[in-house]
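Structure first, commentary second.
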Amino acid sequence: MIFDAHVHLTGKKQEGSTLLDPEGMIARMDFLGIDMALLMSMSENGESSAHEMRFVAKRHPDRFRFMCNIDCYDIASVYDRLSKWKKSGALGIGELIINKRIDDPFLEEVFSSAEKLSMPVTIHISPREGVGYGIVDEPRLPLLEKTLEKHPGLVILGHSQCFWTEISADAPDSDEGRNSWGKGPVKRHGRLEKLFRTYPNLYGDLSANSGSCAIMRDVEYGLWFLKEFGDRLVFATDTADKHTKYPLKEYLEEKRNEGLLDDGILKKIFYLNAARLFNL
């Protein structure tokens, strides 16, 4: 069983859209050997909204589950809105991309409400407000750490370049560097290693080239990281269209076949961790 914890699609075919529709995503999943996928919502009511993803998951319950999202307005209604989404089947919140600092009052209310509702949150991190998209943190992720400490009952799944470049102790400080895929040998004892060791409510979303590069850029360290934190890593691709290339699945299977990665760890990453986390 392989569960993909991060994909994007459009609820229906749209002129000029590059996103796969549900049938196209299912065909892509079949080609990649993926049994079920978790749909990311990009908003409550806009394009690729939580409403759309709920409808798709309801139509294809054997292939999809969905995450809701929340639009940035009316802080007083955040808990009630998220509660309604959970009752409608949302497994969590994501991909959270509101381009504000993590300690912004609105995002703090999102995290507080998510903790009360036991809703995991998948985050995309941006280096600065106005740069790209995603919630904003500084180099070495101090605001993420404060959130993990303040909300021990909240599970956060880290994702994006700004998150995964912190696997190395020599992670860059510039906006451009932080928004780039990591490369070259990993310098040990990086920020992520410390955060994973300190906060059991931090999980790693291995999707996109940011996730695959983090694991594959340094074979020895990547295998150590998988073994050390294998209980808190979830397989994901960030697939959005038929051209998406994501080498980590084949890489992990190759290392398993070479005897370098235990099959039990692989099963956790491919399915069991997500099954536990999302009550599948």
Side-chain angles (χ1 to χ4, degrees), residues 4-11 14 16-20 37-53 66-75 78 81-82 85 90 92-111 114 119-144 147 156-166 171-182 192 202-214 236-241 243-244 246:
D4 185 340
H6 189 139
V7 304
H8 297 273
L9 55 73
T10 180
Q14 298 175 358
S17 175
T18 61
L19 286 176
L20 288 167
L38 185 58
L39 304 173
M40 295 290 108
S41 300
M42 303 307 286
S43 66
E44 274 185 277
N45 300 294
E47 186 177 358
S48 298
S49 69
H51 291 286
E52 275 191 297
M53 298 308 104
F66 84 103
M67 298 276 263
C68 70
N69 214 314
I70 189 158
D71 295 337
C72 189
Y73 71 89
D74 188 18
I75 192 171
V78 167
R81 282 189 277 160
L82 290 177
W85 280 116
I93 305 160
E95 174 179 7
L96 192 61
I97 59 171
I98 296 169
N99 194 219
K100 294 180 179 291
R101 283 173 54 95
I102 293 178
D103 56 1
D104 179 87
F106 186 86
L107 287 175
E108 167 55 28
E109 179 61 24
V110 172
F111 291 129
M119 297 179 77
V121 183
T122 296
I123 60 171
H124 185 112
I125 299 178
S126 168
R128 189 154 41 90
E129 289 184 70
V131 177
Y133 63 95
I135 64 176
V136 175
D137 202 351
E138 302 163 5
R140 312 297 88 81
L141 308 178
L143 303 181
L144 174 60
T147 301
I156 294 180
L157 294 98
H159 159 70
S160 78
Q161 295 96 316
C162 286
F163 179 80
W164 282 114
T165 55
E166 295 288 350
D173 290 345
S174 69
D175 292 349
E176 182 179 4
R178 297 181 67 209
N179 255 342
S180 301
W181 302 330
L192 285 192
L202 176 63
Y203 279 62
D205 169 334
L206 293 171
S207 67
N209 284 313
S210 56
S212 61
C213 284
T237 64
D238 208 357
T239 295
D241 59 57
H243 302 297
T244 300
Y246 188 70

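The side-chain heavy atoms of Val121 and Met67, taken from C-beta on, include no pair separated by under 4.5 Å. For the pair Arg101 and Leu107, the minimum side-chain heavy-atom distance is 4.5 Å or more. With contacts defined as side-chain heavy-atom distances shorter than 4.5 Å, the pair Leu39/Val7 qualifies. Considering only heavy atoms from C-beta on, Phe163 comes within 4.5 Å of Leu144 through its side chain. Side-chain contact between Glu108 and Asp103 is absent, with no heavy-atom pair separated by less than 4.5 Å. Put simply, the side chain of Leu96 does not reach to within 4.5 Å of the side chain of Thr122, judged on heavy atoms.
Taking every heavy atom of both residues into account, Arg178 and Glu138 meet most closely at NH2-O, 3.2 Å. In this structure, Ile156 and Phe111 approach most closely via the heavy-atom pair CD1-CE2, 4.3 Å. Taking every heavy atom of both residues into account, Pro142 and Asp137 meet most closely at CD-OD1, 3.5 Å. The two residues Cys213 and Trp181 have their closest heavy-atom pair at SG-CB, 3.9 Å. Between Asp205 and Ala236 the shortest heavy-atom distance is OD1-CB, 3.5 Å. Across all non-hydrogen atoms, the minimal contact from Cys162 to Leu141 is O-CD2, 4.0 Å.
Using modelled atom types, one side-chain atom of Ser160 and one backbone atom of Ile125 make a donor-acceptor pair closer than 3.5 Å. Put simply, the side chain of Ser41 never gets that close to the backbone of Ser43: no donor and acceptor are under 3.5 Å apart.
Residue Leu20 holds its CG atom at 7.5 Å from CG of Leu9, rounded to the nearest 0.5 Å. Here Asn209 contributes atom CG and Ser180 contributes atom OG; the two are 12.0 Å apart, rounded to the nearest 0.5 Å. Between Asp238 atom CG and His124 atom NE2 the span is 8.5 Å, to the nearest 0.5 Å. Taking CG of Leu82 as the start and CD of Glu109 as the end, the distance is 8.5 Å to the nearest 0.5 Å. Interatomic distance, Glu95 CD to Ser207 OG, rounded to the nearest 0.5 Å: 7.0 Å. Atom CD1 of Ile123 and atom CD1 of Ile135 lie 4.0 Å apart (nearest 0.5 Å).
Aromatic ring pairs are classed by plane angle as parallel below 30°, tilted from 30° to 60° and perpendicular above 60°; the pair His6 and His159 is tilted.
For Arg140, the CZ atom sits in a packed shell: over 12 heavy atoms of surrounding residues, nucleotides or ligands are nearer than 6.0 Å.
Between Glu129 and Lys100 no salt bridge is recorded (no basic side-chain N to carboxylate O distance below 4.0 Å).
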Pair Ile93-Cys68, side chain to side chain contact (heavy atoms under 4.5 Å, CB included): steps then yes or no: CA-CA 5 Å; Ile93 305 160; Cys68 70; 4.0 Å; yes
CA sep, side-chain torsions, deciding dist, call: Trp85, Ile70, side chain to side chain contact (heavy atoms under 4.5 Å, CB included): CA-CA 9 Å; Trp85 280 116; Ile70 189 158; over 6 Å; no
